Amino acid sequence: MRMKNNKGTASNALFLRPKEWIITLILVTIIFIGSPIISKRSEQINDSNYRIPYRLSNDYWSYTQLTSQLSENEIPIIGDSVIWGEFVDNNSSLSHFLSDLSNRDFTNAGMNGLYPLALEGLIKNHAKSIKKRKVILHLNLLWMSSPERDLSLPKEQTFNHSQLIPQITRKIPSYHAPIEKRLSRFATNSVPFLSFVKHIKENYFLQRSPAEWTCLQSEANPEQYPNTNLNPLNQLLSADPLSIKDQLKISIKNTERGVNSSRHKPWSGSQRSLDWISLNNSLQWKAFKNLSTELLSRRNDLFVLIGPLNNHMFNEMTASKLNQLRDEASEWLKSMQINHWSPDPLPSDHYADASHPLTHGYEMLAKELLKNKSFTDWVRPR
Amino acid sequence: MLFHTWTFFCFFAVVLIGLILLRKTPFWVHWILGSSYFFYGWWNYYYLALIIYSTALDFFIVRQMERPGARKKLWLWISILNNLSLLGFFKYADFFISNINGLTGLNLSPASEIMPFDLEYLLPVGISFYTFQSMSYTIDYYRGKIKRETSFIRFAAFVSFFPQLVAGPIERAKNLLPQFHKFPKIKRQDLAAGSSLFIVGLFKKLALANYAALYVDRVYEDPSSANGASLTLATFAFAWQIYFDFSAYTDMARGAARIMGFKLSLNFKNPYTSASLSEFWSRWHISLSTWFRDYVYFPLGGNKKGAKRTYINLLSVFIISGLWHGAAWTFLAWGLIHGAGLTAEKALTNVKFTKIRLPRWVKITVTFLLVCAGWIFFRSRSIDEALIVYRKIFSLEWNDPQFPLFLLLMIGAVWIYQLIFESKMKNILTENWIRVPLLIGMIIYLFFCSSEGDQFIYFQF
């Protein structure tokens with residue numbers, strides 16, 4: 001059907017009539033809803049030791065994929081880099097050892113760079129399929145070890161995963177993003193299609209828009225722009241989007257991990273003191289409580305693993321304050337009737353720093369967990 | 001607050017809801033005025049003082065003009081001088097001071113040092129647009145073309161109407177002011193046309209203008225190290241970038257206004273399909289070129305005082321137009337090129353050999369190249385830099401320009417679309433099987449575009 005010319009106001013603009021707008025909106029909605037679903041089906045996770053790759057640490061769509069593909073009996077372990085395994089490879093994280101040493105499947109649902117405030121946003125917005133199942137949630141008290149880590153200092157800070165923290169509903173003193181950024185992040189968190197678009201950009205266009213991707217400069221030779229003659233639409237059909245990295249000679253920051261890496265070594269140095277803040281004043285603790293409540297409201301059977309932090313690294317006062325916080329956290333969990341366990345610290349040489357275990361540390365922690373009666377009772381299928 | 005931001009979407013939703021709720025009360029104009037001031041104050045609330053001053057001044061001057069025995073001409077000049085002084089101080093003071101200092105060896109203080117209350121010396125966004133709009137009201141009243149507006153609120157809403165406040169179209173009182181007299185009837189057709197315009201504008205800005213800018217900025221960042229081919233293509237890309245950027249703003253302005261039931265003037269009409277410079281100026285920034293025609297060119301005598309005077313008038317108008325765009329010699333040179341081009345075009349109209357019939361596409365290409373020659377001055381940071389660009393382009397030391405093929409494809413597609421739109425085959429573009437899929441494609445692609453921190457080029461004017 002033809003459209004009459006708009007006399008006097010004609011420009012090159014495309015005009016749609018009301019009925020055509022309705023058709024357009026219906027079709028756009030179908031694409032909005034349909035493309036993420038098709039993508040979910042086409043991107044299957046088959047590796048039992050899978051964890052979100054480091055380079056996709058900001059791709060929350062991948063997290064949605066991971067959690068939506070959990071089998072009925074799989075137990076996700078949710079947490080920050082301690083659960084993800086900052087210093088170890090895929091085959092040495094806590095979930096790997098737990099699966100290996102028991103007859104249950106545990107999934108590494110940790111993500112590098114998270115903290116309770118971000119974790120709360122991640123689970124609320126990007127892991128809605130975690131419901132009616134057994135879930136292990138890790139509590140890392142180190143996030144309450146200073147007002148700076150707690151994000152409660154009024155001074156502006158830059159930190160990871162700021163997209164995940166509450167943008168509008170809660171005031172985070174260290175977060176000073178302008179309203180436009182907050183609204184944009186709020187929208188990306190709330191609309192699955194936007195999260196899917198971000199996933200496409202992260203995966204296929206090196207975290208850029210297709211236009212920016214065609215103008216990318218080669219790191220090896222700054223005079224070269226190797227994508228200028230490429231069609232970005234073809235990139236979407238590429239079987240291995242990561243090959244573009246080699247093609248562009250662009251290094252994606254990916255630190256070495258695992259027993260053979262130079263980073264995989266016990267911590268060293270003198271004991272230090274930390275400026276712990278009380279749980280009552282802690283934003284991170286409040287976020288952890290919200291997250292636990294959220295998971296319970298989804299009728300999950302929750303088990304909280306507290307710590308264990310590297311007490312050997314702290315002076316006496318710091319360690320004693322940490323124990324006090326741990327007891328307070330434990331009290332709250334008890335009051336909420338949440339199964340939990342707070343293991344003793346691992347041997348000193350099993351830690352790479354204040355909170356991250358090394359390979360043997362994870363193995364030992366898994367063994368300890370499987371010896372703990374409250375855990376074995378909880379983990380047993382009903 | 002930029003049109004292509006979430007902040008604007010939220011703001012616009014609130015304004016629209018408020019407008020509909022207040023439709024049966026006389027306060028809907030107050031609501032629009034309040035929203036417009038909020039929109040403008042979002043950049044810097046100090047700017048509000050200027051727009052209120054300019055508005056109040058013209059409103060009260062016209063009121064004085066209406067009094068029996070009033071010295072109308074005197075009041076008119078007071079209005080013009082006041083508006084031009086505002087513009088002059090905020091836009092041109094530093095330019096003139098630095099040039100006077102350079103020429104005479106004097107050491108006059110920069111304008112920033114005479115700002116009161118330690119305020120920052122900034123160019124208020126859109127000052128060139130709203131002062132022109134406000135001034136046109138006074139001049140039109142003086143000429144007896146319009147009646148005096150009796151309501152200050154309505155007049156203030158006309159001057160500050162947020163969709164077109166910061167980058168036009170520069171509306172005439174005759175078109176826009178009457179629309180504030182009666183609550184606009186928002187029809188379904190308005191919603192549909194307004195949304196279409198807004199989406200097309202968004203696409204032009206985010207998918208096309210910003211894309212072209214990636215290449216243009218890279219090459220123009222340091223023209224001395226770029227090769228001739230890159231500079232040629234970057235200039236062509238800039239021609240399209242500035243068109244996409246500015247017409248995007250206009251489209252979105254017209255779209256937002258139309259959704260609220262207001263009709264703003266057309267500002268662009270496929271300018272790169274023009275077969276002459278005079279045609280180009282009847283299609284490019286129409287509201288500004290007609291403003292200069294009506295308020296500068298005609299009062300100077302237009303083409304009624306002989307050939308020589310016509311050429312002088314044309315040159316004067318385009319030099320002023322160049323300076324309107326910015327206080328720099330490069331803009332003046334840009335205006336001069338267009339003025340000279342138009343003068344030559346007019347002078348040659350009666351010369352025999354120019355009557356040879358050339359195919360339209362040749363004329364379009366030549367016009368586009370001439371316009372691009374002007375854009376080199378417009379885009380360069382200095383005259384010296386522009387001359388480097390010219391030298392490099394004509395040096396023929398051309399290497400691989402590494403121009404993104406996808407961008408070329410997109411620009412090519414738009415140009416072909418516009419050429420078809422201006423041809424006899426236009427009807428094919430009005431078929432819904434073309435329009436609907438195109439709009440859907442645009443909407444989906446928009447989500448893949450990066451929208452961070454991109455101002456519109458014309459905000460600086």
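What you see is a predicted model, and the numbers here were worked out from it, not measured in a lab. Here is the naming used below: chain letters follow the sequence lines, and residue numbers restart at 1 for every chain.
Atom CG of residue Asp217(B) and atom SG of residue Cys215(A) lie 10.5 Å apart, to the nearest 0.5 angstrom. Atoms CD1 and OG1, on Ile440(B) and Thr24(A) in that order, are 4.5 Å from each other to the nearest 0.5 Å. A distance of 13.5 Å separates CG of Asn229(A) from CZ of Phe406(B), quoted to the nearest 0.5 Å. The OG1 atom of Thr7(B) lies 12.0 Å from the NZ atom of Lys181(A); values are rounded to the nearest 0.5 Å. With values rounded to the nearest 0.5 angstrom, Ser35(A) atom OG is found 7.0 Å from Ile444(B) atom CD1.
For Glu148(A), the CD atom is loosely surrounded, since the number of other residues' heavy atoms within 6.0 Å does not exceed 12. Annotation for Tyr50(A): atom OH counts as buried by contact number, over 12 foreign heavy atoms lying within 6.0 Å. Shown here is Arg170(A), whose CZ atom has more than 12 heavy atoms of other residues, nucleotides or ligands within 6.0 Å. With a 6.0 Å radius and a threshold of 12 heavy atoms from other residues, nucleotides or ligands, Lys124(A) has its NZ atom above the threshold.
At a 4.5 Å heavy-atom cutoff, Ile434(B) makes no contact with chain A through either its backbone or its side chain. Only the side chain of Met442(B) comes within less than 4.5 Å of a heavy atom in chain A; its backbone stays farther off. Contact of Phe447(B) with chain A is made through backbone and side chain together, with heavy-atom distances under 4.5 Å. Contacts between Thr273(B) and chain A at a heavy-atom distance below 4.5 Å are absent for every atom of the residue. Phe193(A) touches chain B through its side chain: at least one heavy atom from C-beta onward sits under 4.5 Å away, while N, CA, C and O do not. Residue Phe9(B): no heavy atom, backbone or side chain, is found under 4.5 Å from chain A. Contact annotation for Arg283(B): neither backbone nor side-chain heavy atoms come within less than 4.5 Å of a heavy atom of chain A.
Side-chain atoms of Trp21(A) and Leu439(B), non-hydrogen and from C-beta on, do get closer than 4.5 Å to each other. Using a 4.5 Å cut-off on side-chain heavy atoms (C-beta onward), Gln224(A) and Gln402(B) make contact. A heavy-atom distance below 4.5 Å is not found between the side chains of Leu14(A) and Phe203(B). At least one side-chain heavy atom of Pro210(A) sits under 4.5 Å from a side-chain heavy atom of Tyr445(B). Side-chain atoms of Tyr225(A) and Arg218(B), non-hydrogen and from C-beta on, do get closer than 4.5 Å to each other. Thr228(A) places none of its side-chain heavy atoms less than 4.5 Å from the side chain of Leu405(B).
A donor-acceptor pair under 3.5 Å is formed between the side chain of Glu180(A) and the backbone N or O of Trp6(B). A side-chain donor-acceptor contact under 3.5 Å links Arg435(B) to the backbone of Phe15(A).
Remark: Tyr115(A) engages no residue in a side chain to side chain donor-acceptor pair (under 3.5 Å) (not counting sequence neighbours).
Geometric assessment of Arg208(A) against the ring of Phe448(B) yields a negative cation-pi assignment under the 6.0 Å and 45° thresholds.
For the residue pair Ala192(B) and Pro18(A), the shortest heavy atom distance occurs at CB-N, 3.6 Å. Counting all heavy atoms, side chain and backbone alike, Ser196(B) lies closest to Leu16(A) at OG-N, 3.0 Å.
The greatest number of non-hydrogen atom pairs below 4.5 Å with chain B, out of Thr214(A), Asn231(A), Ile200(A), is found for Thr214(A). In terms of heavy-atom pairs under 4.5 angstrom with chain A, the leader among Pro437(B), Cys10(B), Ser195(B) is Ser195(B).
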